[in-house]
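Throughout, protein chains are lettered first and strands after them, A, B, ... in sequence-line order, and every chain is numbered starting at 1.
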2 protein chains.
Amino acid sequence: MNVSPKKIGNLRPEEFSINHQKLIDATIETIAKRGLADTTIAQVSKKAMVSQGYANFRFKSKENLLLSSLKFLSDEYKNSWQKIFEDSRLDPVGRVIKIIENDFSSKIANRNKIAVWVSFYSEVKFRPSYLTICQKQDEIYSSQMEKLITEINNITNQNFLSPKEISETYHSMVDGLWQRILFDPKNYSHEFCKALIKKYFKNIYTDEKRFV
Amino acid sequence: MNVSPKKIGNLRPEEFSINHQKLIDATIETIAKRGLADTTIAQVSKKAMVSQGYANFRFKSKENLLLSSLKFLSDEYKNSWQKIFEDSRLDPVGRVIKIIENDFSSKIANRNKIAVWVSFYSEVKFRPSYLTICQKQDEIYSSQMEKLITEINNITNQNFLSPKEISETYHSMVDGLWQRILFDPKNYSHEFCKALIKKYFKNIYTDEKRFV
DNA sequence: ACTGATATTGAATGATTATTCAATACAAAA
DNA sequence: TTTTGTATTGAATAATCATTCAATATCAGT
């Protein structure tokens, strides 16, 4: 057998995770390029430059590799909005603006990553796992957002729309716009999406000048 | 060979289309239940109660069967909103209300059909043919909607939000809410979704009492 | 009843792909 | 140097599926 393994040798946890992360990155890229259905271990491991057998050995199964990739994205997303909620220098309106900008930043709302999200949304098979991995964080995000809107409502005396209504509207718009970024990136630029959402807020909080 | 074919015999176009439609219905059900990736000709034809070979013979290929199913949904959707735009008894606001009710009717926004839409959305990037089927109708729907909003803006003197902004916000909310119906049907009932969107319009058109 | 045309079957084929595993390489310890 | 444990390979296996096609059924017209 013509075996020429990687020259990394006896790995410690840290180096070990290089291959781990390389495989996850390759998985995300492959899902984005070919779709969840046409993502094969062969393609992923080729892109990650490890052998096919290794990918399976590391992640135990293809399913587990896919779910690990979802988990990676979910954590990355959580970290990005958590930072904003924890940033004590921001006032409520400043926080909302940062949230909007984060949800349409090129790190978060790029087509590769959206493609992965939507792939998991759409595959019934993964729905239970999706809920396990993401539901908790989704709930925290929503409830933090609602609290934030409550503060702004109190400051501004806007009370026709409840915090829950505004928050639900926001989240559904984000989901809808992410989907549109996928198949019509020309018309749905990050700038367009951010402007649309800010206009929504500007209309609600007419006295607040920062929703440019 | 133990052959026991259907007793329908020498079919005329009308009867012929029974099997055709049975296969399409079975495809939609199967996609909703098992996902696009795990939808096999074997399962679909079993559910439609025809042989595996027949499904392929009728539709030439699996891909074509999938496309036909998408086309069916797309046409059904178009017919439902087209009727509303053509109904001369409705005034602009009445029309918008009907549009909202249609978008969250149990015929249109049921979980089977949403599952199919989302499945195709997620693959649109790799299969331009999916886009071809829906894009044209989406554009017509959007432009009709924009015209409608223009009329209402004129009647009401609401001019802070442009027709395009309102229309885009509406469509992205619908997409987002459909997605949520899939995952969390308990919290995202048709009534909840309709109420949320009507509240959005009520907030814009404060004098209009019909957005209950 | 026979013939031709169309409808329908179901088993066989071939391609794709996840998963397994015995073989090999490497690094550090002894 | 030898040993030992871990990392990694790549070929073999087995399962799943779309697609094909020869065989069979049914019916309309003669």
Side-chain angles (χ1 to χ4, degrees), chain A residues 1-24 26-27 30-31 33-69 119 123-126 129, chain B residues 1-24 26-27 30-31 33-69 123 126-127 129:
Chain A
M1 230 176 288
N2 181 15
V3 176
S4 56
K6 315 218 53 91
K7 298 298 188 297
I8 298 172
N10 205 4
L11 296 174
R12 300 275 140 266
E14 243 137 339
E15 290 93 338
F16 147 79
S17 73
I18 291 173
N19 272 348
H20 186 95
Q21 189 60 39
K22 274 208 296 187
L23 277 164
I24 286 180
T27 303
T30 307
I31 292 174
K33 190 190 266 175
R34 314 180 82 91
L36 198 51
D38 289 338
T39 291
T40 68
I41 297 255
Q43 285 155 1
V44 170
S45 44
K46 188 180 175 190
K47 195 181 284 269
M49 294 195 295
V50 300
S51 74
Q52 198 170 335
Y54 183 70
N56 235 280
F57 167 77
R58 260 289 146 243
F59 286 90
K60 299 253 283 291
S61 71
K62 181 190 179 185
E63 166 135 345
N64 192 43
L65 171 59
L66 296 176
L67 291 175
S68 300
S69 305
S119 295
E123 271 303 327
V124 195
K125 200 188 355 178
F126 290 121
S129 323
Chain B
M1 230 177 288
N2 180 15
V3 175
S4 56
K6 314 215 55 80
K7 297 298 187 299
I8 298 172
N10 203 5
L11 296 175
R12 300 274 139 267
E14 244 139 337
E15 289 93 339
F16 148 79
S17 72
I18 292 174
N19 272 348
H20 185 94
Q21 189 60 39
K22 273 209 296 189
L23 277 164
I24 286 180
T27 303
T30 306
I31 291 174
K33 189 189 268 176
R34 303 172 111 66
L36 198 50
D38 289 336
T39 290
T40 67
I41 297 255
Q43 286 155 359
V44 169
S45 44
K46 188 180 174 189
K47 196 181 283 270
M49 294 196 294
V50 300
S51 74
Q52 196 169 337
Y54 183 69
N56 235 280
F57 167 77
R58 258 292 146 240
F59 286 89
K60 302 254 280 290
S61 71
K62 182 190 180 185
E63 171 91 357
N64 192 44
L65 172 58
L66 296 176
L67 288 174
S68 302
S69 305
E123 298 251 313
F126 328 103
R127 286 166 228 262
S129 40

(message) Once side-chain hydrogen bond (donor to acceptor under 3.5 Å, both in side chains) is applied, do any residues pair with B:S129, and if so which ones, sequence neighbours excluded?
(response)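 Expected list: none.
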
(request) State which residues pass side-chain hydrogen bond (donor to acceptor under 3.5 Å, both in side chains) with A:Q52; sequence neighbours excluded, sorted by chain then number. (result)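 So A:Q52 forms no side-chain hydrogen bond (donor to acceptor under 3.5 Å, both in side chains) with any residue.
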
(request) Using a 4.0 Å heavy-atom cut-off, write out nucleotides 12-19 of chain D from 5' to 3' as B (base contacted by protein), S (sugar-phosphate only) or - (no contact). (result) -----SBB

Starting at atom [atom1] of [X], determine the distance to atom [atom2] of [N], rounded to an integer number of angstrom.
| X | N | atom1 | atom2 | value |
| --- | --- | --- | --- | --- |
| B:K22 | C:dA7 | NZ | P | 15 Å |
| B:Y54 | C:dT8 | OH | C1' | 7 Å |
| B:F59 | C:dA7 | CZ | C1' | 15 Å |
| A:K46 | D:dG10 | NZ | P | 13 Å |

(request) Using a 4.5 Å cut-off on heavy atoms from C-beta on, say whether the side chain of A:V50 contacts that of A:F57. (result)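 No - every pair of side-chain heavy atoms lies 4.5 Å or more apart.
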
(request) With sequence neighbours left out, write down each residue that passes side-chain contact (heavy atoms from CB on, under 4.5 Å) with B:S51, or none if nothing qualifies. (result)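 Checked B:S51 against side-chain contact (heavy atoms from CB on, under 4.5 Å); matches are B:Y54.
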
(message) Could you work out, with side-chain contact (heavy atoms from CB on, under 4.5 Å) as the rule, every residue matching A:S119, not counting sequence neighbours?
(response)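 Applying side-chain contact (heavy atoms from CB on, under 4.5 Å) to A:S119 gives A:I31, A:L36.
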
(message) At less than 4.0 Å, is any side-chain N or O atom of B:N19 found next to OP1 or OP2 of C:dA7? Yes or no.
(response)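 For C:dA7, OP1/OP2 do not have a side-chain N/O of B:N19 under 4.0 Å.
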
(request) Can you tell me which residue pairs pass the salt bridge (Lys or Arg N to Asp or Glu O under 4.0 Å) test with a partner in residues 34-56 of chain B, sequence neighbours excluded? (result)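 For residues 34-56 of chain B, and leaving out neighbouring residues, the salt bridge (Lys or Arg N to Asp or Glu O under 4.0 Å) pairs sorted by first residue read A:K125-B:D38, B:E29-B:K47.
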
